[in-house]
Amino acid sequence: MTTPTVDLLHEILDEIRDDRSGELGAHLADYDHPKPDALAIAVCDLDGNVVSAGDDDRRFDLQSASKPFVYALALGRQGVAEVRKRIGVEPSGEAYNEISLEAGTGRPANAMINAGALVAHSLVGDEGDDETARFERIRELFGALVGREVEVDEDIAGIESRLAHRNLAIAHLLAEEKVLIGEPHDVVEGYGRQCALAVDVRELAMMATVFANGGRHPSTGERMLDQQAVRYATSVMFTCGMYDDAGDWVYEVGLPAKSGVSGCLMAVVPGRYGIAAYSPRLDEHGNSVRASRAIAALSAAWRLHVLDSKVGLAESH
Ligand code: GLN
(Lines give C-alpha, C1' and ligand atoms only; values in the text may rest on other atoms or scores of the structure.)
Protein backbone atom coordinates (compact mmCIF):
# COMPACT_ATOMS: atom_id res chain seq x y z
CA MET A 1 0.00 0.00 0.00
CA THR A 2 1.34 3.41 -0.93
CA THR A 3 2.01 5.69 2.00
CA PRO A 4 0.88 9.29 1.75
CA THR A 5 3.82 11.66 1.67
CA VAL A 6 3.89 15.35 2.41
CA ASP A 7 6.16 15.82 -0.64
CA LEU A 8 3.55 14.47 -3.00
CA LEU A 9 0.90 16.70 -1.45
CA HIS A 10 3.15 19.75 -1.94
CA GLU A 11 3.82 18.71 -5.53
CA ILE A 12 0.11 18.48 -6.22
CA LEU A 13 -0.59 21.91 -4.72
CA ASP A 14 2.31 23.46 -6.67
CA GLU A 15 0.90 22.05 -9.87
CA ILE A 16 -2.51 23.71 -9.40
CA ARG A 17 -1.61 26.80 -7.37
CA ASP A 18 -1.83 29.24 -10.29
CA ASP A 19 -5.32 28.19 -11.29
CA ARG A 20 -7.41 31.16 -10.18
CA SER A 21 -10.46 30.17 -12.21
CA GLY A 22 -13.92 29.94 -10.71
CA GLU A 23 -15.90 32.24 -8.45
CA LEU A 24 -16.59 32.42 -4.74
CA GLY A 25 -19.98 31.00 -3.76
CA ALA A 26 -22.81 33.31 -4.84
CA HIS A 27 -23.91 33.74 -1.21
CA LEU A 28 -20.54 35.39 -0.47
CA ALA A 29 -21.12 38.34 -2.83
CA ASP A 30 -21.14 40.89 0.03
CA TYR A 31 -18.69 39.06 2.26
CA ASP A 32 -15.13 40.23 2.67
CA HIS A 33 -13.50 36.79 2.37
CA PRO A 34 -10.42 36.59 4.58
CA LYS A 35 -8.51 34.35 2.15
CA PRO A 36 -10.07 33.68 -1.25
CA ASP A 37 -6.83 32.12 -2.51
CA ALA A 38 -6.40 29.65 0.33
CA LEU A 39 -5.33 26.19 -0.80
CA ALA A 40 -4.89 23.08 1.33
CA ILE A 41 -5.01 19.31 1.20
CA ALA A 42 -4.86 16.56 3.84
CA VAL A 43 -4.95 12.78 3.94
CA CYS A 44 -5.74 10.69 7.00
CA ASP A 45 -5.13 6.94 7.25
CA LEU A 46 -7.09 4.37 9.22
CA ASP A 47 -4.78 4.79 12.24
CA GLY A 48 -5.58 8.49 12.38
CA ASN A 49 -2.21 9.66 10.98
CA VAL A 50 -2.74 12.88 9.05
CA VAL A 51 -0.43 14.43 6.47
CA SER A 52 -1.23 17.82 4.99
CA ALA A 53 0.08 20.70 2.91
CA GLY A 54 -0.85 24.32 2.24
CA ASP A 55 -3.18 26.40 4.42
CA ASP A 56 -3.95 23.49 6.66
CA ASP A 57 -4.71 25.52 9.78
CA ARG A 58 -7.34 27.66 8.07
CA ARG A 59 -10.90 26.91 9.20
CA PHE A 60 -13.80 26.93 6.75
CA ASP A 61 -17.51 26.25 7.01
CA LEU A 62 -18.47 22.69 6.14
CA GLN A 63 -21.53 23.61 4.08
CA SER A 64 -22.69 20.59 2.10
CA ALA A 65 -19.77 18.48 3.30
CA SER A 66 -21.87 18.21 6.48
CA LYS A 67 -24.65 16.42 4.58
CA PRO A 68 -23.31 12.83 4.45
CA PHE A 69 -22.66 12.85 8.20
CA VAL A 70 -26.11 14.13 9.04
CA TYR A 71 -27.67 11.65 6.61
CA ALA A 72 -25.70 8.79 8.23
CA LEU A 73 -26.77 10.04 11.65
CA ALA A 74 -30.43 10.10 10.55
CA LEU A 75 -30.11 6.58 9.07
CA GLY A 76 -28.58 5.30 12.29
CA ARG A 77 -31.21 6.92 14.49
CA GLN A 78 -34.39 6.31 12.45
CA GLY A 79 -33.46 3.17 10.55
CA VAL A 80 -33.03 2.77 6.82
CA ALA A 81 -36.69 2.04 6.01
CA GLU A 82 -37.99 5.15 7.73
CA VAL A 83 -35.42 7.44 6.11
CA ARG A 84 -35.89 5.86 2.68
CA LYS A 85 -39.60 6.66 2.87
CA ARG A 86 -38.67 10.33 3.05
CA ILE A 87 -35.44 10.66 1.04
CA GLY A 88 -34.63 8.92 -2.25
CA VAL A 89 -31.26 7.60 -3.43
CA GLU A 90 -31.23 8.67 -7.07
CA PRO A 91 -28.92 11.28 -8.59
CA SER A 92 -31.01 14.31 -9.48
CA GLY A 93 -28.77 15.46 -12.33
CA GLU A 94 -29.71 18.96 -11.21
CA ALA A 95 -28.08 21.73 -9.22
CA TYR A 96 -27.80 21.33 -5.44
CA ASN A 97 -30.54 23.83 -4.69
CA GLU A 98 -33.09 22.57 -7.23
CA ILE A 99 -36.56 21.50 -6.17
CA SER A 100 -35.84 17.86 -7.03
CA LEU A 101 -38.87 16.13 -5.53
CA GLU A 102 -40.17 12.78 -6.76
CA ALA A 103 -43.55 12.99 -8.45
CA GLY A 104 -46.18 11.22 -6.38
CA THR A 105 -44.27 10.92 -3.11
CA GLY A 106 -42.72 14.38 -2.81
CA ARG A 107 -39.47 12.74 -1.65
CA PRO A 108 -36.27 14.64 -2.41
CA ALA A 109 -34.09 12.79 -4.94
CA ASN A 110 -31.24 12.24 -2.47
CA ALA A 111 -29.66 13.53 0.73
CA MET A 112 -26.75 15.36 -0.93
CA ILE A 113 -28.91 18.09 -2.47
CA ASN A 114 -30.46 20.73 -0.24
CA ALA A 115 -33.99 19.27 -0.36
CA GLY A 116 -32.79 15.89 0.96
CA ALA A 117 -30.37 17.47 3.41
CA LEU A 118 -33.19 19.50 4.95
CA VAL A 119 -35.20 16.32 5.51
CA ALA A 120 -32.14 14.50 6.89
CA HIS A 121 -31.54 17.40 9.27
CA SER A 122 -35.14 17.16 10.45
CA LEU A 123 -34.70 13.42 11.11
CA VAL A 124 -31.77 13.54 13.52
CA GLY A 125 -33.93 14.51 16.47
CA ASP A 126 -36.33 12.66 18.70
CA GLU A 127 -39.98 13.56 18.68
CA GLY A 128 -40.43 16.84 20.52
CA ASP A 129 -36.85 17.95 19.87
CA ASP A 130 -36.70 21.59 18.91
CA GLU A 131 -34.34 23.28 16.46
CA THR A 132 -31.66 23.76 19.11
CA ALA A 133 -31.75 20.15 20.29
CA ARG A 134 -31.45 18.84 16.71
CA PHE A 135 -28.59 21.18 15.93
CA GLU A 136 -26.76 20.28 19.15
CA ARG A 137 -26.90 16.58 18.27
CA ILE A 138 -25.15 17.39 15.02
CA ARG A 139 -22.62 19.70 16.63
CA GLU A 140 -21.89 16.99 19.19
CA LEU A 141 -21.24 14.44 16.45
CA PHE A 142 -18.84 16.74 14.63
CA GLY A 143 -17.11 17.57 17.92
CA ALA A 144 -16.62 13.85 18.59
CA LEU A 145 -15.32 13.33 15.05
CA VAL A 146 -12.64 16.00 15.29
CA GLY A 147 -11.90 15.77 19.02
CA ARG A 148 -12.78 19.31 20.05
CA GLU A 149 -15.78 21.55 20.47
CA VAL A 150 -16.87 22.62 16.96
CA GLU A 151 -18.26 26.14 16.58
CA VAL A 152 -20.50 27.94 14.13
CA ASP A 153 -18.95 30.67 11.99
CA GLU A 154 -21.54 33.30 12.95
CA ASP A 155 -20.76 35.58 9.97
CA ILE A 156 -21.53 32.73 7.60
CA ALA A 157 -24.58 31.62 9.61
CA GLY A 158 -25.90 35.20 9.40
CA ILE A 159 -25.48 35.26 5.61
CA GLU A 160 -27.06 31.83 5.36
CA SER A 161 -30.03 32.97 7.41
CA ARG A 162 -30.54 36.21 5.42
CA LEU A 163 -30.35 34.43 2.07
CA ALA A 164 -32.44 31.40 2.96
CA HIS A 165 -35.34 32.16 0.60
CA ARG A 166 -34.76 29.21 -1.67
CA ASN A 167 -34.18 26.74 1.15
CA LEU A 168 -37.32 28.07 2.86
CA ALA A 169 -39.31 27.56 -0.33
CA ILE A 170 -38.02 23.98 -0.58
CA ALA A 171 -38.76 23.33 3.11
CA HIS A 172 -42.33 24.61 2.72
CA LEU A 173 -42.90 22.32 -0.24
CA LEU A 174 -41.50 19.40 1.75
CA ALA A 175 -43.82 20.24 4.64
CA GLU A 176 -46.76 20.43 2.25
CA GLU A 177 -45.84 16.92 1.03
CA LYS A 178 -45.59 15.78 4.69
CA VAL A 179 -42.03 14.64 4.08
CA LEU A 180 -40.44 17.15 6.42
CA ILE A 181 -40.61 16.63 10.16
CA GLY A 182 -40.75 19.87 12.12
CA GLU A 183 -41.52 23.44 11.27
CA PRO A 184 -39.92 24.65 7.99
CA HIS A 185 -38.37 27.85 9.42
CA ASP A 186 -36.80 25.98 12.31
CA VAL A 187 -35.40 23.27 10.07
CA VAL A 188 -33.91 25.81 7.63
CA GLU A 189 -32.39 27.79 10.50
CA GLY A 190 -30.86 24.64 12.05
CA TYR A 191 -29.65 23.42 8.68
CA GLY A 192 -28.02 26.82 8.02
CA ARG A 193 -26.14 26.53 11.31
CA GLN A 194 -25.14 22.96 10.47
CA CYS A 195 -23.64 24.29 7.20
CA ALA A 196 -21.77 27.04 9.08
CA LEU A 197 -19.90 24.69 11.45
CA ALA A 198 -16.19 25.25 10.86
CA VAL A 199 -13.25 22.82 10.72
CA ASP A 200 -9.83 22.77 9.02
CA VAL A 201 -8.67 20.50 6.23
CA ARG A 202 -6.89 18.05 8.56
CA GLU A 203 -10.06 17.68 10.59
CA LEU A 204 -12.19 17.17 7.50
CA ALA A 205 -9.80 14.45 6.31
CA MET A 206 -10.20 12.81 9.73
CA MET A 207 -13.98 13.06 9.40
CA ALA A 208 -13.86 11.46 5.95
CA THR A 209 -11.77 8.66 7.42
CA VAL A 210 -14.64 7.74 9.72
CA PHE A 211 -16.51 6.85 6.51
CA ALA A 212 -13.47 4.97 5.16
CA ASN A 213 -13.31 3.12 8.47
CA GLY A 214 -16.91 1.86 8.56
CA GLY A 215 -18.07 4.44 11.09
CA ARG A 216 -15.30 4.03 13.66
CA HIS A 217 -13.02 6.86 14.67
CA PRO A 218 -9.57 6.27 13.21
CA SER A 219 -7.69 7.40 16.34
CA THR A 220 -9.80 5.95 19.13
CA GLY A 221 -11.59 3.09 17.37
CA GLU A 222 -14.79 4.34 18.97
CA ARG A 223 -17.97 3.84 16.94
CA MET A 224 -19.19 7.22 15.71
CA LEU A 225 -21.76 6.16 13.11
CA ASP A 226 -23.67 2.98 12.40
CA GLN A 227 -21.74 0.77 9.93
CA GLN A 228 -24.67 0.12 7.61
CA ALA A 229 -25.59 3.82 7.68
CA VAL A 230 -22.05 4.66 6.62
CA ARG A 231 -22.23 2.24 3.70
CA TYR A 232 -25.50 3.76 2.51
CA ALA A 233 -24.29 7.33 2.96
CA THR A 234 -21.04 6.53 1.11
CA SER A 235 -23.06 5.02 -1.74
CA VAL A 236 -25.14 8.16 -2.09
CA MET A 237 -21.98 10.27 -1.96
CA PHE A 238 -20.60 8.18 -4.82
CA THR A 239 -23.57 8.76 -7.12
CA CYS A 240 -24.73 12.21 -5.96
CA GLY A 241 -22.00 13.93 -3.92
CA MET A 242 -20.74 16.15 -6.74
CA TYR A 243 -24.24 17.22 -7.83
CA ASP A 244 -24.64 17.50 -11.60
CA ASP A 245 -20.94 16.73 -12.04
CA ALA A 246 -21.27 13.37 -10.25
CA GLY A 247 -21.01 11.25 -13.40
CA ASP A 248 -17.82 12.92 -14.64
CA TRP A 249 -16.31 12.74 -11.20
CA VAL A 250 -16.95 9.02 -10.75
CA TYR A 251 -15.68 8.36 -14.26
CA GLU A 252 -12.44 10.27 -13.80
CA VAL A 253 -11.67 10.21 -10.09
CA GLY A 254 -13.70 7.25 -8.87
CA LEU A 255 -14.09 8.21 -5.21
CA PRO A 256 -17.19 8.88 -3.12
CA ALA A 257 -16.89 12.59 -2.42
CA LYS A 258 -18.79 15.56 -1.09
CA SER A 259 -18.23 19.21 -1.83
CA GLY A 260 -19.34 22.34 0.03
CA VAL A 261 -19.87 25.85 -1.36
CA SER A 262 -17.19 27.23 0.98
CA GLY A 263 -14.73 25.43 -1.34
CA CYS A 264 -14.13 22.34 0.74
CA LEU A 265 -14.22 18.83 -0.64
CA MET A 266 -13.84 15.48 1.04
CA ALA A 267 -13.34 12.07 -0.52
CA VAL A 268 -13.45 8.58 0.91
CA VAL A 269 -11.18 5.71 -0.06
CA PRO A 270 -13.03 2.83 1.64
CA GLY A 271 -10.77 0.80 3.89
CA ARG A 272 -7.81 3.12 3.27
CA TYR A 273 -8.01 6.89 3.59
CA GLY A 274 -10.06 9.99 4.16
CA ILE A 275 -9.01 12.91 1.97
CA ALA A 276 -9.94 16.60 2.18
CA ALA A 277 -9.01 19.67 0.19
CA TYR A 278 -9.96 23.32 0.38
CA SER A 279 -9.88 26.23 -2.04
CA PRO A 280 -12.75 28.75 -2.10
CA ARG A 281 -13.32 29.35 -5.83
CA LEU A 282 -16.06 27.19 -7.35
CA ASP A 283 -16.85 25.83 -10.79
CA GLU A 284 -20.26 26.05 -12.45
CA HIS A 285 -21.51 23.03 -10.46
CA GLY A 286 -20.66 24.63 -7.11
CA ASN A 287 -17.63 22.37 -6.56
CA SER A 288 -14.22 23.84 -5.69
CA VAL A 289 -12.03 24.11 -8.80
CA ARG A 290 -8.69 23.48 -7.13
CA ALA A 291 -9.91 21.12 -4.40
CA SER A 292 -11.39 18.95 -7.16
CA ARG A 293 -8.16 19.11 -9.16
CA ALA A 294 -6.08 18.28 -6.09
CA ILE A 295 -8.09 15.20 -5.19
CA ALA A 296 -8.26 14.10 -8.82
CA ALA A 297 -4.46 14.35 -9.02
CA LEU A 298 -4.08 12.34 -5.83
CA SER A 299 -6.46 9.67 -7.06
CA ALA A 300 -4.48 9.38 -10.30
CA ALA A 301 -1.10 9.33 -8.54
CA TRP A 302 -2.07 6.61 -6.07
CA ARG A 303 -4.52 4.80 -8.33
CA LEU A 304 -7.31 5.27 -5.84
CA HIS A 305 -10.25 4.94 -8.29
CA VAL A 306 -12.38 2.37 -6.46
CA LEU A 307 -13.35 0.64 -9.72
CA ASP A 308 -9.75 0.27 -10.83
CA SER A 309 -9.12 -3.48 -10.72
CA LYS A 310 -5.43 -2.90 -9.85
CA VAL A 311 -4.60 -5.91 -12.02
CA GLY A 312 -1.16 -5.39 -13.51
CA LEU A 313 -0.52 -2.55 -11.09
CA ALA A 314 3.05 -3.73 -10.36
CA GLU A 315 4.02 -3.74 -14.06
CA SER A 316 2.39 -0.45 -14.97
CA HIS A 317 3.56 1.52 -11.98
N1 GLN B 1 -25.69 26.21 2.86
C2 GLN B 1 -25.68 25.97 1.47
C3 GLN B 1 -27.11 26.00 0.94
O4 GLN B 1 -27.96 25.44 1.58
C5 GLN B 1 -25.03 24.62 1.24
C6 GLN B 1 -24.97 24.26 -0.20
C7 GLN B 1 -23.65 23.67 -0.63
O8 GLN B 1 -22.64 23.65 0.05
N9 GLN B 1 -23.66 23.24 -1.85
O10 GLN B 1 -27.39 26.59 -0.08
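Being a predicted model, the structure only gives us computed values, none of them experimental. Counting starts at 1 for both ligands and their atoms, following the listed order.
Under a hydrophobic-cluster definition in which Ile, Leu, Val, Met, Phe, Trp and Tyr are linked whenever side-chain heavy atoms come within less than 4.5 Å, directly or via other members, M237 and V250 are assigned to different clusters.
By the criterion of a heavy-atom distance under 4.0 Å, neither the backbone nor the side chain of N97 is placed next to ligand 1. Contacts between E160 and ligand 1 below 4.0 angstrom, taking non-hydrogen atoms only, involve the side chain exclusively. At a 4.0 Å heavy-atom cut-off, ligand 1 touches C195 through the side chain alone. Contact annotation for N114 and ligand 1: only side-chain heavy atoms (C-beta onward) come within less than 4.0 Å of the ligand.
The closest donor-acceptor contact from the side chain of R223 to the backbone of G214 lies under 3.5 Å.
Checking only distances, Y191 does come within under 3.5 Å of ligand 1, N or O to N or O. Distances between N or O atoms of Q63 and those of ligand 1 include at least one value under 3.5 Å. Residue-to-ligand polar distances place Y243 within reach of ligand 1: an N/O pair is separated by less than 3.5 Å.
Listed by number with element, the atoms of ligand 1 under 4.0 Å from a non-hydrogen atom of G260 are 8 (O). Every atom of ligand 1 with a heavy atom of S64 under 4.0 Å away is listed here by number and element: 5 (C), 6 (C), 7 (C), 8 (O), 9 (N).
Annotation: side chain of K67 is not in contact with side chain of V70 (no heavy-atom distance under 4.5 Å).
The pair R290-D19 fails the salt-bridge criterion, with no side-chain N (NZ, NE, NH1 or NH2) lying under 4.0 Å from an Asp/Glu carboxylate O.
Using the six-membered ring where Trp is involved, F211 and F69 have ring planes that are perpendicular, over 60° apart on the 30 and 60° scheme.
Residues Y232 and Y71 place their aromatic rings such that the two centres sit no closer than 6.0 Å.
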Walk me through whether Q63 and S262 qualify under side chain to side chain donor-acceptor pair (under 3.5 Å). CA-CA 6 Å; Q63 293 296 341; S262 55; 5.9 Å; no
